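Structure record follows, encoded as structure tokens.
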Number of protein chains: 2
Amino acid sequence: MDFRDRSLPDGINPMNFPAKLWRLVNNPLNEGISWDIHGEVILIDQHLFEKQILSPRANTSPDAFKTTNFSSFVRQLNLYGFKKVDQPIKQLDTLQDIINL
Amino acid sequence: MDFRDRSLPDGINPMNFPAKLWRLVNNPLNEGISWDIHGEVILIDQHLFEKQILSPRANTSPDAFKTTNFSSFVRQLNLYGFKKVDQPIKQLDTLQDIINL
DNA sequence: GGTTCTAGAACC
DNA sequence: GGTTCTAGAACC
């Protein structure tokens with residue numbers, strides 16, 4: 001299996017939430033949503049995400065949601081099993097800094 | 001009873017949520033939160049409210065909340081029995097317009 | 001007593 | 001299948 005292949009598996013409706021999320025997070029133009037460095041966690045900047053993805057102005061994309069509320073987006077994440085994790089940002093860097101002392 | 005009296009009843013802790021809400025909504029400087037025309041419904045402009053009340057920059061007021069998340073503010077409203085109502089704005093005006101035709 | 005994260009339920 | 005509003009539960 002090629003983990004660089006970011007196409008969707010057969011049988012997944014490309015218009016449903018998981019597929020939209022997949023495309024959004026894989027598009028580097030979307031600064032509000034991205035992978036963490038290990039590709040295991042989705043990082044979301046609420047303010048940027050609201051501005052670039054959820055705002056009515058951003059509604060030109062086919063990946064736009066019907067909602068404009070961040071809380072509704074979170075509800076969808078939870079319905080599909082996503083859990084919030086504590087910010088892993090900088091922790092490894094900090095540890096590395098300590099090791100490098 | 002003087003309904004114009006907007007002081008707090010005895011026994012209400014002025015630092016708890018209902019008292020803070022009371023002062024916020026009665027302060028005309030807070031454009032993000034106000035009474036409806038009949039004084040029965042609290043009108044909240046989420047964007048303005050976040051900017052003027054919840055944002056860390058606005059945290060100088062003693063009526064500031066510990067949270068910066070609008071959803072946590074809504075959780076508090078619900079815990080104290082507040083319910084969201086459909087926007088009553090303009091409906092009466094429109095009816096009046098029709099009557100006046 | 002307040003805040004956060006997630007889920008239930010009703011509705012669209 | 002998605003969205004909205006409210007509540008449960010755990011934590012601070």
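Note that this is a predicted model, so its numbers are computed, not measured. Reminder, nothing fancy here: chain letters follow the sequence lines and each chain counts from 1.
Within the 4.0 angstrom heavy-atom criterion, no nucleotide atom of any strand lies near A:Phe73. Counting non-hydrogen atoms under 4.0 angstrom, B:Asn69 reaches the backbone sugars and phosphates but no base.
None of A:Asp45, A:Val25, A:Leu48, A:Ile53 except one satisfies the side-chain contact (heavy atoms from CB on, under 4.5 Å) rule with A:Asn30; the exception is A:Ile53.
As a whole-Å value, the separation of A:Ile44 CD1 from C:dC5 C1' is 14 Å. We find that CZ of A:Arg75 is positioned 14 Å from C1' of C:dC11, with the value rounded to whole Å. At whole-Å resolution of the value, CZ in A:Phe70 and C1' in C:dC5 are 12 Å apart. Remark: C1' of D:dT6 and CG of B:Asp86 are 15 Å apart, rounded to the nearest angstrom. For the pair B:Phe65 CZ and C:dT4 C1', the computed distance is 16 Å after rounding to whole Å. Following rounding to the nearest Å, B:Leu79 (CG) and D:dG8 (C1') show an atom-to-atom distance of 10 Å. Taking atom NZ of residue A:Lys20 and atom C1' of nucleotide D:dT3, one finds them 12 Å apart after rounding to whole Å. Remark: C1' of D:dG2 and CG of A:Asn13 are 13 Å apart, rounded to the nearest angstrom.
If you look at B:Phe17 and B:Phe73, their ring centroids are closer than 6.0 Å.
Here the closest heavy-atom approach between residue B:Asp36 and residue B:Leu43 is recorded as CA-CD1, 3.7 Å.
For B:Asn78, whose side chain is taken as the heavy atoms from C-beta onward, the closest listed nucleotide among C:dG2, D:dT4, D:dA7 is D:dA7. Of the candidates D:dT4, C:dG1, D:dT6, the closest approach to any side-chain atom of B:Lys83 belongs to D:dT6. Distances from the side chain of B:Lys84 to the nucleotides D:dC5, D:dG1, D:dT3 place D:dC5 closest. Residue A:Gln76 places its side chain closer to D:dG2 than to any other of D:dG2, C:dG2, D:dT6. Nearest nucleotide to the B:Ser72 side chain, out of D:dG2, C:dT4, C:dA9: C:dT4. Of all nucleotides listed (C:dA7, C:dT3, C:dG1), C:dT3 comes nearest to the side chain of B:Lys66.
Regarding contacts with the backbone of C:dG1, every side-chain N or O of B:Tyr80 stays at 4.0 angstrom or more from both OP1 and OP2. Under 4.0 angstrom from either OP1 or OP2 of D:dT4 there lies at least one side-chain N or O belonging to A:Thr67.
Although no hydrogens or angles enter the test, the distance criterion places a donor-acceptor pair under 3.5 Å between the side chain of A:Asn78 and the main chain of A:Phe82.
Residues A:Ile42 and A:Trp35 have side chains in contact (heavy-atom distance under 4.5 Å, counting atoms from C-beta outward).
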